[in-house]
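Written out below as structure tokens is the structure these notes cover.
Note that the coordinates shown come from a computational prediction; the quantities given were computed from them, not determined experimentally.
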Amino acid sequence: MFVVSSQMLLSLFFFFYYVSCLVGIAHCSNGTRRAPLHHHQLSIDFYSKTCPQLDQLVSSVTSRRFRESPVSAPATIRLFFHDCFVEGCDGSILIAGSDGSKVAVERDVGDNKSLAQESFELVNEVKSHVESKCPGVVSCADVLAIAARDFVHLAGGPYYQVKKGRRDSKVSLASKVKLNLPKSNSTIDELLHLFTSKGLSVTDLVALSGAHTIGFSHCDQFLTRLYNYNGTKKPDPFIDPRLLKALQMYCPRFGGNSDIMAPFDVQTPFVFDHMYYGNLEANMGLLATDQGLLLDARTRPLVQAFGKDKGLFFQAFSLGMEKMGAIRIKRGRKGEIRKVCSKHNNNLVS
């Protein structure tokens with residue numbers, strides 16, 4: 001299980017407190033053409049006859065996990081993003097690699113290797129609970145979609161209805177990952193191209209980026225911003241000097257602690273709100289992709305609008321999650337209903 005150590009929590013506390021003091025929050029003495037997308041029809045009441053208590057079953061686990069470990073929220077939301085962007089929302093990210101297999105799976109490569117183990121365990125726990133009441137009915141892909149929604153709401157964000165009816169992928173290939181996930185230093189052009197390829201709009205890009213209102217990132221995801229921005233051997237000029245000083249303190253150029261993390265939102269890192277956008281306007285975005293949303297004329301008006309109106313952000317985020325949740329879903333024989341989320345059914349030992 002992914003556990004935040006006392007040392008890590010202490011580091012996070014002092015980081016948050018230090019940046020809060022600095023910004024005055026605390027009182028003291030953060031080319032090729034793609035195949036067309038297929039958006040199959042999903043429905044809110046897909047399991048109304050086969051598992052009518054599904055949402056309650058999922059909630060009974062997610063609410064407890066959130067009380068015990070709030071980091072479950074950003075971890076599971078991130079897991080859902082990484083699932084949907086690679087070959088669609090089909091639970092392929094959940095498949096664990098096996099020692100004897102010659103084919104690497106999605107979760108074993110690139111940024112997926114940094115996905116919190118706790119998020120995978122959460123999905124397995126929810127699935128096991130659902131199976132005990134509705135055996136062989138609910139897909140792991142749907143379990144993940146519902147759990148992500150629950151954590152958004154538990155952290156203070158909007159509650160939106162999750163449409164269901166996804167089936168689980170029968171394959172999980174590491175080779176599909178690299179070109180389908182955004183990088184921490186992607187340009188806005190690259191992000192827009194990627195989101196457009198998934199059937200998502202510029203509004204979806206800015207709204208879904210707002211998931212960074214909670215959660216943390218390891219130093220290696222933004223280190224070049226601190227010391228060698230775009231090969232200049234200087235820090236990113238579009239980062240608040242006070243935040244830069246704090247980040248450099250916790251993330252040295254060489255020899256830093258790989259466990260150290262910084263919050264995406266230095267003001268309310270555990271609350272799902274719209275403060276993320278205000279941070280961008282104050283040049284306090286953590287990743288280059290975050291701050292880039294303010295710098296680009298195509299995305300700046302949306303950053304400013306969401307920063308002023310939390311309700312508008314919540315509405316756009318909910319719609320963006322619904323659209324993302326419908327990317328390239330599997331139906332019929334193209335998918336399966338896994339019994340165990342980390343294994344394809346044909347790999348289960350009878």
Do [X] and [Y] have side chains that get closer than 4.5 Å, going by heavy atoms?
| X | Y | result |
| --- | --- | --- |
| Asp90 | Asp83 | yes |
| Phe264 | Ser217 | yes |
| Leu205 | Leu200 | no |

Atom pair [atom1] ([X]) and [atom2] ([Y]), whose distance is rounded to the nearest 0.5 Å:
| X | Y | atom1 | atom2 | value |
| --- | --- | --- | --- | --- |
| Ser119 | Phe80 | OG | CZ | 13.5 Å |
| Glu121 | Ser72 | CD | OG | 9.5 Å |
| Leu280 | Asp265 | CG | CG | 9.5 Å |
| His218 | Ser114 | NE2 | OG | 7.5 Å |
| Leu208 | Met321 | CG | CE | 7.0 Å |
| Thr76 | Leu122 | OG1 | CG | 4.0 Å |

Practice prompt. Could you tell me how the ring of Phe272 sits relative to the ring of Phe313: parallel (under 30°), tilted (30 to 60°) or perpendicular (over 60°)?
Written response: parallel

Practice prompt. Please answer: with hydrophobic residues joined when any side-chain heavy atoms are less than 4.5 Å apart, are Phe81 and Leu293 in the same cluster?
Written response: yes

Item to complete: Please assess Asn345 against Lys170 for the test side-chain hydrogen bond (donor to acceptor under 3.5 Å, both in side chains), listing each intermediate value before the final yes or no.
Response: CA-CA 8 Å; Asn345 287 343; Lys170 294 181 179 181; over 6 Å; no

Item to complete: Could you check Phe195 against Phe85 for ring-ring contact (aromatic ring centres under 6.0 Å, His included), going step by step and ending with a plain yes or no?
Response: CA-CA 9 Å; Phe195 272 65; Phe85 264 69; 5.0 Å; yes

Discussion item. Is it true that Asp150 and Ser59 share a donor-acceptor pair across their side chains at a distance under 3.5 Å?
Written reply: no

Fill in: Basic-acidic side-chain contact under 4.0 Å: Arg78, Asp111
no

Worksheet item: For Tyr159 and Phe314, what are the C-alpha separation, side-chain angles and deciding distance, and is it a ring-ring contact (aromatic ring centres under 6.0 Å, His included)?
Response: CA-CA 9 Å; Tyr159 183 90; Phe314 279 8; over 10 Å; no

Worksheet item: Hey, which of Glu106, His82, Arg107 is the one that makes side chain to side chain donor-acceptor pair (under 3.5 Å) with Asn112?
Response: His82

Item to complete: Can you run down the side-chain hydrogen bond (donor to acceptor under 3.5 Å, both in side chains) pairs that involve residues 286-300, sequence neighbours left out, and say none if there aren't any?
Response: Asp189-Arg298, His212-Asp290, Tyr276-Asp290, Asn283-Gln291, Asp296-Arg298

Discussion item. Heavy-atom count check: over 12 atoms from other residues, nucleotides or ligands less than 6.0 Å from Gln315 CD?
Written reply: no

Discussion item. Tell me which one of Arg149, Arg166, Lys127, Lys163 satisfies salt bridge (charged side-chain N to carboxylate O under 4.0 Å, His left out) with Asp142.
Written reply: Arg166

Worksheet item: Would Glu190 and Lys183 satisfy salt bridge (Lys or Arg N to Asp or Glu O under 4.0 Å), going step by step from the backbone distance to the final call?
Response: CA-CA 9 Å; Glu190 291 169 340; Lys183 300 176 179 62; over 6 Å; no

